[in-house]
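Let me begin by presenting the structure, written as structure tokens, before commenting on it.
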Number of protein chains: 2
Amino acid sequence: MRSEWLDSFLVFSDCLNFTHAAELLHISQPALHVKIKKLEDHVGLPLYRKQGRQLYLTPHGEQIRAFARETRERSDLFLAGLRDNKQLEPLKLAAGEGSFLYLLGPAIKHFRKTAKFPLSLVNTRGTSIIDALRSGQAHLGVSALQTVPAGIKQTRLTVVDQVVVMPKAHPLAKKKTIKPVDLHNEPLIIPPRPQPHRETIEQAFNTAGVSLNVALEAGGWEMMLQFVNLGMGISIVNSCCHIPSTLAARKITELPPLVYHILELRDAWYKEANREMIAALKKYADHWKQ
Amino acid sequence: MRSEWLDSFLVFSDCLNFTHAAELLHISQPALHVKIKKLEDHVGLPLYRKQGRQLYLTPHGEQIRAFARETRERSDLFLAGLRDNKQLEPLKLAAGEGSFLYLLGPAIKHFRKTAKFPLSLVNTRGTSIIDALRSGQAHLGVSALQTVPAGIKQTRLTVVDQVVVMPKAHPLAKKKTIKPVDLHNEPLIIPPRPQPHRETIEQAFNTAGVSLNVALEAGGWEMMLQFVNLGMGISIVNSCCHIPSTLAARKITELPPLVYHILELRDAWYKEANREMIAALKKYADHWKQ
DNA sequence: TATTATCTATAGTTTATAGTTATAGCTATG
DNA sequence: CATAGCTATAACTATAAACTATAGATAATA
């Protein structure tokens with residue numbers, strides 16, 4: 001869609017009179033007429049109608065008019081900012097510790113190498129990622145939320161299973177997959193209460209009718225694994241965590257796999273930096289599986 | 001800024017080679033060269049440089065490239081939506097009861113008459129207007145917040161004084177202006193605790209060292225005025241409220257006037273509907289004063 | 001009812017712009 | 001030092017965008 005057409009249409013839609021609008025544009029009336037006609041042909045929809053000899057815009061015409069206005073305003077603002085040497089705002093990517101540690105490394109590396117945008121990483125926990133997006137503290141988020149809040153757009157990134165980790169010598173390590181019942185009375189190392197990971201575990205254990213034996217509350221995957229390593233109990237972590245070779249990891253049933261999504265504000269006009277980061281994230285979505 | 005220039009620049013910036021890019025665009029290399037030159041001349045800044053015989057984009061060139069991408073994406077999305085007959089989203093205006101009752105009437109009337117956008121009004125109270133904007137439940141808000149939250153753009157609308165209202169026969173009605181001290185021991189009708197109006201009053205009375213004698217807690221200007229009318233006490237309301245002729249309104253010192261602002265999300269690309277509503281609001285910003 | 005004014009829309013012509021070819025000039029490479 | 005591969009400019013050409021003229025349509029006016 002040519003910008004000239006939109007500019008002409010803007011003037012025309014103000015006058016609703018080819019003769020006057022053409023004068024304002026310093027071109028002849030027929031010249032304007034063909035411009036509007038070309039715009040109409042391109043769009044493929046009638047943009048104005050005649051009632052007697054009064055012209056009026058169709059609803060599509062009204063929409064084009066609004067689009068034309070926004071387009072020009074956007075362009076003017078951008079050019080003004082460019083000439084004022086306005087600094088490029090860095091892309092702010094929000095995610096939890098786990099995502100940054102095990103999921104996003106290669107994507108971030110790739111983005112920094114190929115994209116020309118400054119990058120800033122925001123460490124968030126739980127649902128505060130949504131607040132960060134809404135308040136503009138972050139432009140993009142990665143998280144495994146269960147429900148999509150209003151006004152947020154989700155793009156599926158990868159699916160991560162949950163595994164039970166324990167010392168290799170542990171009797172449960174002989175099993176191939178573990179059920180919540182098997183963990184009855186086992187001392188567990190899990191995060192404290194408001195964390196979503198804790199909630200998921202509690203829910204699954206409740207459903208299975210198994211009571212939790214919390215040996216130690218510890219947040220953060222690395223910490224949890226460290227305490228398992230020290231023999232203080234066993235734990236449930238994402239299968240994308242780097243499991244030390246001294247530990248065994250076994251699949252657990254009845255705990256839903258985590259679906260990681262890319263989160264962005266719906267209809268914040270698609271920023272180029274977002275686009276490039278999303279491309280990088282998708283490229284390396286499953287790198288951790290190898 | 002012509003859309004053709006941007007389209008050509010996009011291809012050029014991918015190749016960084018006039019010869020190849022021109023082939024892709026099915027024009028000759030010199031033709032592309034002058035197009036890029038025209039874009040550069042229009043912008044007034046160099047968009048690329050040569051290092052030996054390798055070309056690379058300047059930071060300004062990178063920004064233009066991102067802008068060009070976004071421009072095309074935006075245009076494509078718009079056209080696709082238009083052809084799919086996607087319904088126009090209504091403009092959602094959020095404000096409190098007081099604003100809707102006394103401040104916004106004529107502006108809303110004007111908008112509905114002149115603007116071609118569907119309108120939807122959202123009744124909010126207190127700071128939840130910010131949440132409504134951030135979550136996309138509202139596109140525009142009107143409120144008299146004391147502080148501007150991050151990511152919100154404010155435009156000053158009008159200034160409203162606070163007045164004490166009482167029956168005309170009340171002894172205080174003889175005064176021209178009233179101080180908080182004068183209200184010592186007077187039974188007051190004011191909103192309950194979390195309301196900002198209550199907080200403002202409490203703060204002013206604390207500063208003046210006067211204790212509040214709360215006769216009745218009632219939210220909403222109309223209700224408050226009604227109870228004053230019924231002789232249950234006196235109250236403090238905005239001067240833009242419709243004061244019944246049976247009551248007297250007197251200015252009060254030490255209570256700061258309320259500054260009403262238009263609120264919108266910073267850098268949500270300026271929607272045409274927002275623009276028109278803001279124009280309408282400004283046009284009738286002070287209508288209530290007459 | 002005929003006449004005029006005002007405006008849209010189309011046709012034919014002219015002008016301006018965008019495209020082409022040719023080539024000079026620069027730079028890395030064998 | 002010759003050559004390949006590219007940018008950038010000039011001179012020329014084709015195309016598209018402007019113009020003039022005017023037919024057609026509608027409402028106001030004599």
Side-chain angles (χ1 to χ4, degrees), chain A residues 1-65 68 71-72 75 116, chain B residues 1-65 68 71-72 75 79:
Chain A
M1 190 141 52
R2 293 211 193 165
S3 47
E4 316 181 78
W5 298 342
L6 291 179
D7 289 341
S8 303
F9 188 76
L10 211 46
V11 177
F12 165 69
S13 67
D14 282 335
C15 304
L16 287 175
N17 177 318
F18 279 98
T19 312
H20 296 165
E23 273 168 31
L24 289 175
L25 289 163
H26 306 292
I27 58 175
S28 67
Q29 172 266 315
L32 176 61
H33 189 263
V34 302
K35 274 191 175 176
I36 303 299
K37 194 166 170 48
K38 279 182 182 167
L39 176 60
E40 266 192 327
D41 290 348
H42 179 82
V43 173
L45 297 162
L47 303 183
Y48 69 99
R49 287 266 164 68
K50 261 198 292 197
Q51 193 157 51
R53 76 192 196 201
Q54 182 62 33
L55 303 184
Y56 64 96
L57 297 188
T58 63
H60 288 134
E62 295 284 356
Q63 284 186 255
I64 293 271
R65 179 192 153 120
T71 302
R72 214 179 43 184
S75 175
K116 299 300 166 57
Chain B
M1 189 139 53
R2 294 210 192 165
S3 47
E4 314 182 80
W5 297 342
L6 291 179
D7 289 339
S8 303
F9 188 75
L10 212 45
V11 177
F12 165 68
S13 67
D14 282 336
C15 305
L16 288 175
N17 176 320
F18 279 98
T19 311
H20 296 164
E23 272 168 33
L24 289 174
L25 289 163
H26 305 292
I27 58 175
S28 66
Q29 173 266 315
L32 176 61
H33 190 263
V34 303
K35 275 192 176 176
I36 302 300
K37 195 165 171 46
K38 278 181 182 169
L39 176 60
E40 267 192 327
D41 289 349
H42 179 81
V43 172
L45 297 162
L47 303 183
Y48 69 98
R49 287 267 165 70
K50 262 200 292 198
Q51 194 158 49
R53 74 196 201 198
Q54 181 61 34
L55 303 185
Y56 64 96
L57 297 189
T58 63
H60 289 133
E62 295 284 356
Q63 284 187 254
I64 294 271
R65 178 189 150 104
T71 301
R72 214 179 43 185
S75 175
L79 262 189

Q. What is the distance from NZ of Lys37(B) to P of dA10(D), rounded to the nearest Å?
A. 10 Å

Q) Can you name the closest pair of heavy atoms from Leu57(A) and Leu16(A) and give their distance? A) CD2-CD2, 3.8 Å

Q.
Looking at dT7(D), I'd like to know if its phosphate oxygens (OP1 or OP2) sit under 4.0 Å from a side-chain N or O belonging to His33(B).
A. no

Q.
Please find the pair of heavy atoms, one from Val43(B) and one from Ile64(B), that lie closest to each other, and give the distance.
A. CG2-CD1, 3.8 Å

Q: Could you tell me the separation between the NE2 atom of His20(B) and the C1' atom of dA4(D), rounded to a whole number of Å?
A: 12 Å

(Q) Any residue in residues 42-64 of chain A with a heavy atom nearer than 4.0 angstrom to DNA chain D? Just list them by number, or reply none. (A) Gly52(A), Arg53(A)

Q | Closest heavy-atom pair and its distance - Ala21(A), Phe12(A) | A | CB-CA, 3.8 Å

Q) How close do Leu10(B) and Ala68(B) get, heavy atom to heavy atom, and via which atoms? A) CD1-CB, 3.9 Å

(Q) Students often get this wrong, so: under 4.0 angstrom with heavy atoms, is Ala31(A) touching a base, only sugar-phosphate, or nothing? (A) sugar-phosphate

Q) Could you state the NZ-P distance from Lys35(A) to dA16(D), rounded to the nearest angstrom? A) 15 Å

**Q.** Length of the CD1-C1' vector between Ile27(B) and dA8(D), whole Å
**A.** 15 Å

Q: Kindly say whether Leu47(B) contributes a backbone atom to a donor-acceptor pair with the side chain of Glu40(B) at under 3.5 angstrom?
A: yes

(Q) Looking at every heavy atom in both Phe18(A) and Ile36(A), which two are closest together, and how far apart are they? (A) CE2-CG1, 3.7 Å

**Q.** Leading and trailing nucleotides of DNA chain C with any atom under 4.0 Å from heavy atoms of chain B
**A.** dA18(C) to dA28(C)

Q: Find the distance Ile36(B):CD1 to dA8(D):C1' and express it as a whole number of Å.
A: 13 Å

(Q) Is any side-chain heavy atom of Leu39(B) closer than 4.5 Å to one of Met1(B)? (A) yes

Q.
Parallel, tilted or perpendicular, judged at 30° and 60°: which one describes the rings of His42(A) and Trp5(A)?
A. tilted

Q | Residue mapping more 5' on DNA chain D - nearest nucleotide basis, Glu4(A) or Asn17(B) | A | Asn17(B)

**Q.** Check: Ser8(A) side chain, Glu4(A) main-chain N or O, donor-acceptor pair, under 3.5 Å
**A.** yes

